[in-house]
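Predicted model only: the values in this text are computed from it and were never measured. Scope of the values below: all heavy atoms of this structure, side chains included, with no hydrogens, waters or symmetry mates. One-based numbering along the sequence shown.
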Amino acid sequence: MSELRSSVFSPSRLGRRRRRGPRPAAAILVLLVALLVAELAGLWIHASRRLEPTMVPSLAEVPSGASDQQGGETLVVLTDTTGGDEQVLGIAVVQVHPARQVPVALVLPRRLTVSAPGHGELELRAVLGRGGPDLLVRAVQSYTGIDLEHLVIIDASGVADMAAEQGGVDLCAIVSSTNCKQAPRGVVLDLLTDTSLGDDIAVARQQFAVVSAVVAKTSSRLNVLLHPFRTLGTISAAGRALRTDVDLGGRSALRWSDRITSHDTTTVDFATLPGFRDPQSGTVEAFVEQAESVLQALRNGQPLPEEAYTSPAELSPADVTVAVLNGSGVSGLANQVADALAAEGFDIVEVGNAATFNVDETAIDFGPGFRRFAELALVQVPGATLREGDQPFFRQGVSVDLIITIGRDFEAAATPSEADE
């Protein structure tokens, strides 16, 4: 046994073992890893340089440290430059708050009327074209009372170009479909620009799903490694598709987009402002008190009220309650006006006498968000004064949307009579 051990483990036998040089396969693997790292670094630098920042002076007004306190609010705007002019397709305030499990996207109706500093009252969709990104940021900050920290403008045609560079994106990743084909550029663009769904939240969800699907495919590590030249083309398209503010430029924008689009449409909390949509003009009026409760909850990082999840509905005169009061002393005037308003479709809930027959001025009192209907009623009481205030109340706390008080200036004054309205 000792001879066997000596023969097997003897120094002379061990000393005869040859040292092997590096295996060719290992050397090739190390070389490939180094090349891939260099490729990723080059693509990252290329992406950072392609994403040119946009100067937005009003964002500089955000208090220092607001990001830590509020979690960060970013104004995200989807536009389309296919026809040459920049058309606004969607606007949302996206908040990533430490008190929330998922990001919140507050969808602002494109046809919401806002005050644009220096330009008067404008529909929100028109503000960007009128005064650029800075005016849009100031208008949204003024309307919502939210200090915006960043701005992201996404061009739908640029996103479609990104999809085209990748040979399309999976249609089933965007919409429910039994045909999970690769959606080409045209389909991607159509899905992004389709605002005919009516529901603002549904439109925003679809737009988010398209952008997320494109970003997910273009940022796939395997896809980047296997198709570097395709990725270069995609990054160039991304440079055309994305504009950000200076602080969110380049690499920060890439990290931000990855953070947001890592959530699917079921884990992003989409909400909007409660209000109504004029079926004739399409403009949107927010219900002031309800909208403020939504904005207050967003500002404080609190759960949003239920009304935040219902898109503005089409409101017609039939949905507007009206009380007509006779303060002129002219018999029958209240009934005359009430009949004319009923013919226009208004819901007349009360016809009666005012507290006095010595009302000099005919007036229409209306609550927040009902100006358009007050103006429609004005056709039947020409010369009346429009008075906007808190929701008016009529008799024993029963609220109505419009109160029309007929004064002595409406028709030639007569001897006051209490016998008839």
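- With sequence neighbours excluded, no residue forms a side-chain hydrogen bond (donor to acceptor under 3.5 Å, both in side chains) with R110.
- Not a single side-chain hydrogen bond (donor to acceptor under 3.5 Å, both in side chains) links T405 to another residue, sequence neighbours left out.
- Closest approach of T310 to I201, counting heavy atoms only: N-CD1, 4.4 Å.
- Side-chain contact check for I406 versus F357: every heavy-atom pair is 4.5 Å or farther apart.
- Although no hydrogens or angles enter the test, the distance criterion places a donor-acceptor pair under 3.5 Å between the side chain of N300 and the main chain of Q296.
- With hydrogens and angles ignored, the 3.5 Å screen pairs a side-chain donor or acceptor of T321 with a backbone N or O of D401.
- Between atom CD of residue Q166 and atom CZ of residue R185 there is a gap of 14.5 Å, rounded to the nearest 0.5 Å.
- When all heavy atoms are compared, the tightest approach of L122 to A116 is CD1-CB, 3.8 Å.
- Sorted by first and then second residue, the salt bridge (Lys or Arg N to Asp or Glu O under 4.0 Å) pairs involving residues 92-103 (not counting sequence neighbours) form an empty list.
- Looking at heavy atoms from C-beta onward, D194 lies in side-chain contact with Q206 at the 4.5 angstrom threshold.
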Apply side-chain contact (heavy atoms from CB on, under 4.5 Å) to V169 and I174, showing your working.
-> CA-CA 9 Å; V169 293; I174 303 173; 3.7 Å; yes
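- Of the possible donor and acceptor atoms, one in the side chain of T362 sits under 3.5 Å from a partner among the backbone N and O of G407.
- L192 is listed as a side-chain neighbour of V211, based on a closest heavy-atom distance under 4.5 Å.
- Minimum heavy-atom separation, L304 to A271: CD1-CB, 3.6 Å.
- Among residues two or more places apart in sequence or in another chain, the side-chain hydrogen bond (donor to acceptor under 3.5 Å, both in side chains) test is passed with D347 by none.
- Applying the side-chain contact (heavy atoms from CB on, under 4.5 Å) test to D319 and every residue at least two apart in sequence or in another chain returns L315, S316.
- Side-chain contact between E149 and L59 is absent, with no heavy-atom pair separated by less than 4.5 Å.
- Annotation: side-chain hydrogen bond (donor to acceptor under 3.5 Å, both in side chains) contacts involving residues 114-130, sequence neighbours excluded, comprise R111-E123, E123-R125.
- Scored by the side-chain contact (heavy atoms from CB on, under 4.5 Å) test, A377 finds L341, F346, I364, L402, I404 as partners (sequence neighbours excluded).
- Remark: T74 OG1 to H150 NE2 distance equals 5.5 Å, nearest 0.5 Å.
- Scanning all heavy atoms of the two residues, the minimum distance from R408 to G327 falls at CG-O, 4.5 Å.
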Taking it one step at a time, do V159 and I154 satisfy side-chain contact (heavy atoms from CB on, under 4.5 Å)?
-> CA-CA 8 Å; V159 174; I154 304 170; 3.5 Å; yes
Show your working on side-chain contact (heavy atoms from CB on, under 4.5 Å) between L108 and V93 and close with a plain yes or no.
-> CA-CA 8 Å; L108 300 176; V93 175; 4.2 Å; yes
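- Sorted by first and then second residue, the salt bridge (Lys or Arg N to Asp or Glu O under 4.0 Å) pairs with a member in residues 375-384 form an empty list; sequence neighbours excluded.
- The CD atom of E285 lies 5.5 Å from the CZ atom of F276; values are rounded to the nearest 0.5 Å.
- Side-chain contact check for V127 versus V114: some heavy-atom pair is nearer than 4.5 Å.
- Looking at residues two or more places apart in sequence or on another chain, you find a side-chain contact (heavy atoms from CB on, under 4.5 Å) between A202 and L197, D199.
- Not one N or O on the side chain of D134 forms a donor-acceptor pair closer than 3.5 Å with the backbone of R138.
- The shortest side-chain heavy-atom distance between V400 and V322 does not fall under the 4.5 Å cut-off.
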Derivation of the side-chain contact (heavy atoms from CB on, under 4.5 Å) call for L295 and T144 = CA-CA 6 Å; L295 294 172; T144 62; 3.9 Å; yes
Could you pull out all donor-acceptor pairs under 3.5 Å where a side-chain atom in residues 77-84 meets a protein atom, sequence neighbours excluded?
unit_1	atom_1	unit_2	atom_2	d
T79	OG1	E86	OE2	3.3
D80	OD1	T82	N	3.2
D80	OD1	T82	OG1	2.5
D80	OD2	T82	OG1	3.4
T81	OG1	D155	OD1	3.2
T81	OG1	D155	OD2	2.9
T81	OG1	S157	OG	3.2

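- From L333, atom CG reaches atom CG of L325 across 12.5 Å, with rounding to the nearest 0.5 Å.
- At least one donor-acceptor pair closer than 3.5 Å links the side chain of D245 to the backbone N or O of L151.
- In terms of modelled atom types and a separation under 3.5 Å, the side chain of D200 and the main chain of P109 share no donor-acceptor contact.
- Contact annotation: the side chain of V140 approaches that of L124 to within less than 4.5 Å [non-hydrogen atoms, C-beta and beyond].
- Residues V187 and A183 come closest through the heavy atom pair CG1-CB, 3.8 Å.
- For Q182, the side-chain hydrogen bond (donor to acceptor under 3.5 Å, both in side chains) partners at least two apart in sequence or on another chain are K217.
- Every residue two or more places apart in sequence or in another chain that forms a side-chain contact (heavy atoms from CB on, under 4.5 Å) with P305 is listed here: S293, V294, A297, E307.
- For the pair L128/L135, no side-chain contact is recorded, criterion being any heavy-atom separation below 4.5 Å from C-beta on.
- Here CG of L112 is found 8.5 Å from OG1 of T272. Values are rounded to the nearest 0.5 Å.
- The main-chain N or O of P103 is never found under 3.5 Å from a side-chain atom of Q95 such that the two would form a donor-acceptor pair.
- Going from atom CD of E73 over to atom NE2 of H97 covers 7.0 Å, rounded to the nearest 0.5 Å.
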Residue pair F208, F270: steps toward the ring-ring contact (aromatic ring centres under 6.0 Å, His included) verdict | CA-CA 10 Å; F208 181 88; F270 286 89; 5.7 Å; yes
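- Of all the heavy atoms in V351 and I348, the pair that sits closest is CG2-CG2, 3.7 Å.
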